[in-house]
Amino acid sequence: MTTASAFHFESLVWDWPIAVYLFLIGVSAGLVVLAILLRHFYPSEATSNSTLMRATLLLAPTTIILGLLILIFHLTRPWTFWKLMFHYSPTSVMSMGVMLFQVYMVVLIVWLANVFQSELVELQQKWLPRLGFIQRLFPLFTPAMRVIEVTMLVLAVLLGAYTGFLLSALKSYPFLNNPILPALFLFSGISSGIAVALIALALRYRKNIHNQEAHFLHRVESFVVWLEIFLLAAFFIGLALGDDGKMRALIAALGGGFWTWWFWIGVVGIGFIIPLSLKKWVNKSQTASRVILVSSASLIGVFLLRFFVLYAGQLTVA
């Protein structure tokens, strides 16, 4: 195979906008999972004043919409995308993904509206007083809030894993055709949600960065990061123990060259070593800048992981 550059080669089908799309979807799913877990374990903290809940309100729908826009305009014929929204094919991963996005957005809007209903009613009374029927809708959803929340959690987990299924469906690429990929992308998405939430907390509470919400996020982070490392190791071990195609894919990705350095410096160095080695340094201080620095490194690591898997995964064809 002749490669023109690390970002342009013969076997490349999906390029960098797809990596950005995968990252944004992971952030949305990760924030929603964390917000629901906070409401379950710390209900007194998970009010409409919660930083995590506010970050979820602002970013969970925004990142999904932005990600879909990137995907639509990246298509060869973006003006025909609407057909996917009404014609579903159970054999198409893309079609099933579109259906998942639609259900996810509907449930997300209903769930967030119930969480922030007092703020929503206040805005309605101030700007749209004629739409008083909105207030009468909330009592209809309140009895089913537990079901809505469980459904929302399931949809968020499916969405986070879907980004991995989307790539693993490319069966002609041995690197990507790996059953570990959905789980890896799910937990790296949760990791990105933790990083975003911690940055939001640090910006909001500059003198009280170790509050109850931060404590909850750090507890989840300790579990997620090590599980992410385990899944990444299992991913490469699976390639090493696979057939000749998978072995060639592993050598192409980690046997030297641009993407090998990208992985060790970007994904491992910035994404794992820096956050883990500086964790005690952050916990000993009330300085918000330390939290922002370490959380940004973790977020960058997840972003670089998406690029690495996408590009290194397409270097070798079966």
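As the structure is a computational prediction, the values presented were derived from the model and not from experiment.
The aromatic rings of Trp262 and Phe258 sit tilted, their planes meeting at an angle between 30° and 60°. Using cut-offs of 30° and 60° on the angle between ring planes, the pair Trp259 and Tyr311 is parallel.
Taken to the nearest 0.5 Å, the CD1 atom of Ile148 stands 11.5 Å off from the CG atom of Leu155. A distance of 8.0 Å separates CG in Leu166 from CG in Leu71, rounded to the nearest 0.5 Å. Between Ile194 atom CD1 and Leu299 atom CG the span is 11.5 Å, to the nearest 0.5 Å. Separation of atoms CG (Leu112) and CD (Gln117) is listed at 12.5 Å; rounding is to 0.5 Å. Taking CG of Asn114 as the reference point, atom CD1 of Ile109 lies at 12.5 Å (rounded to 0.5 Å). For the atom pair CG (Leu57) and OG1 (Thr62), the distance works out to 8.5 Å, reported to the nearest 0.5 Å.
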Subject >> Steps toward side-chain contact (heavy atoms from CB on, under 4.5 Å) verdict (Thr163, Phe23) >> reply: CA-CA 9 Å; Thr163 57; Phe23 173 75; over 6 Å; no
**OP:** Kindly determine whether Val115 and Met53 satisfy side-chain contact (heavy atoms from CB on, under 4.5 Å), including the steps that lead there.
**Re:** CA-CA 9 Å; Val115 173; Met53 299 305 300; 3.7 Å; yes
Subject >> Residue pair Tyr104, Val32: steps toward the side-chain contact (heavy atoms from CB on, under 4.5 Å) verdict >> reply: CA-CA 11 Å; Tyr104 177 87; Val32 170; 3.2 Å; yes
Original post:
Is there a side-chain contact (heavy atoms from CB on, under 4.5 Å) between Leu34 and Leu217 once you walk through the steps?
Top reply: CA-CA 8 Å; Leu34 291 168; Leu217 290 169; 4.2 Å; yes
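Following chains of ILVMFWY side-chain contacts shorter than 4.5 Å, one cannot reach Val147 starting from Val154, and the two form parts of different hydrophobic clusters. The hydrophobic cluster containing Tyr173 does not contain Leu241, counting ILVMFWY residues as joined when their side-chain heavy atoms lie under 4.5 angstrom apart, directly or transitively. Connection of Phe235 to Ile237 is not established within any shared hydrophobic cluster, with ILVMFWY side chains joined at heavy-atom distances below 4.5 Å, either directly or through further cluster members. Cluster membership for Phe223 and Leu184, using ILVMFWY side-chain heavy atoms within less than 4.5 angstrom, is shared. In terms of hydrophobic clustering, with Ile, Leu, Val, Met, Phe, Trp and Tyr side chains grouped at heavy-atom distances under 4.5 Å, Trp261 and Phe7 are assigned to different clusters.
For the pair Trp111 and Val106, the minimum side-chain heavy-atom distance is 4.5 Å or more. Residues Gln314 and Val13 form a side-chain contact, since some pair of their non-hydrogen atoms from C-beta on lies under 4.5 Å apart. The shortest side-chain heavy-atom distance between Ile190 and Glu228 does not fall under the 4.5 Å cut-off. Between Ser28 and Leu59, every side-chain heavy-atom pair lies at or beyond the 4.5 Å cut-off. Here the side chains of Ile25 and Leu159 are in contact, with some heavy-atom distance below 4.5 Å. Side-chain contact between Leu52 and Leu31 is present, with heavy atoms from C-beta onward closer than 4.5 Å. Looking at Phe303 and Leu24, their side chains never come closer than 4.5 Å, going by heavy atoms from C-beta outward. Using a 4.5 Å heavy-atom cutoff, the side chains of Phe307 and Phe263 are not in contact.
Here the closest heavy-atom approach between residue Gly164 and residue Phe185 is recorded as N-CD2, 3.7 Å. The heavy-atom pair separating Tyr21 from Leu68 by the smallest distance is CD1-N, 4.4 Å. Scanning all heavy atoms of the two residues, the minimum distance from Ala202 to Ala288 falls at O-CB, 3.5 Å. Contact record, Lys279 with Ser222: NZ-OG, 2.6 Å, taken as the closest heavy-atom pair. Heavy-atom minimum distance, Arg248 versus Val317: NH2-O, 3.6 Å. Taking every heavy atom of both residues into account, Val282 and Val291 meet most closely at CG1-CG2, 3.7 Å.
Panel note: side chain Lys246, backbone Asn177; a donor-acceptor pair is recorded below 3.5 Å. Remark: side-chain polar atoms of Ser295 are not paired, donor with acceptor, to backbone N or O of Ile292 under 3.5 angstrom. Checked by atom type and distance alone, the side chain of Thr142 pairs as donor or acceptor with a backbone atom of Phe138 at under 3.5 Å. Panel note: side chain Ser168, backbone Pro182; no donor-acceptor pair is recorded below 3.5 Å. At least one donor-acceptor pair under 3.5 Å links the side chain of Thr63 to the backbone N or O of Ala60. Proximity of a side-chain donor or acceptor of Asn178 to a complementary backbone N or O of Pro174 within less than 3.5 Å is not detected. For Gln125 (side chain) and Pro129 (main-chain N/O), no donor-acceptor pair under 3.5 Å exists by modelled atom type. Glu122 contributes no side-chain N or O that, together with a main-chain N or O of Glu119, makes up a donor-acceptor pair within less than 3.5 Å.
The side chain to side chain contact (heavy atoms under 4.5 Å, CB included) test with Val268 singles out one residue from Ile229, Ile273, Leu304, and that residue is Ile273. A side chain to side chain contact (heavy atoms under 4.5 Å, CB included) with Phe175 is found for exactly one of Leu181, Thr316, Leu239, Leu315, namely Leu239.
Within the structure, the ring-ring contact (aromatic ring centres under 6.0 Å, His included) test picks out the following pairs touching residues 38-63 (sequence neighbours left out): Tyr42-Phe216. Within the structure, ring-ring contact (aromatic ring centres under 6.0 Å, His included) pairs that include any residue of residues 272-299 do not occur (at least two apart or interchain).
Applying the salt bridge (Lys or Arg N to Asp or Glu O under 4.0 Å) rule to Arg54 yields no partners; only residues at least two apart in sequence or on another chain are considered. Under the salt bridge (Lys or Arg N to Asp or Glu O under 4.0 Å) criterion, Arg290 pairs with no residue at all, not counting sequence neighbours. Residues forming a side chain to side chain contact (heavy atoms under 4.5 Å, CB included) with Ile65 (at least two apart in sequence, or on another chain): Leu69, Met105. Residues that satisfy the salt bridge (Lys or Arg N to Asp or Glu O under 4.0 Å) test with Glu149, not counting sequence neighbours, are Arg39.
No donor-acceptor contact under 3.5 angstrom links the side chains of Glu45 and Ser50, judged on distance only. Using modelled atom types and a 3.5 Å distance limit, the side chains of Glu221 and His218 yield a donor-acceptor pair.
Enclosure of atom CZ in Phe165 is not indicated, since only 12 or fewer non-hydrogen atoms of other residues, nucleotides or ligands lie within 6.0 angstrom.
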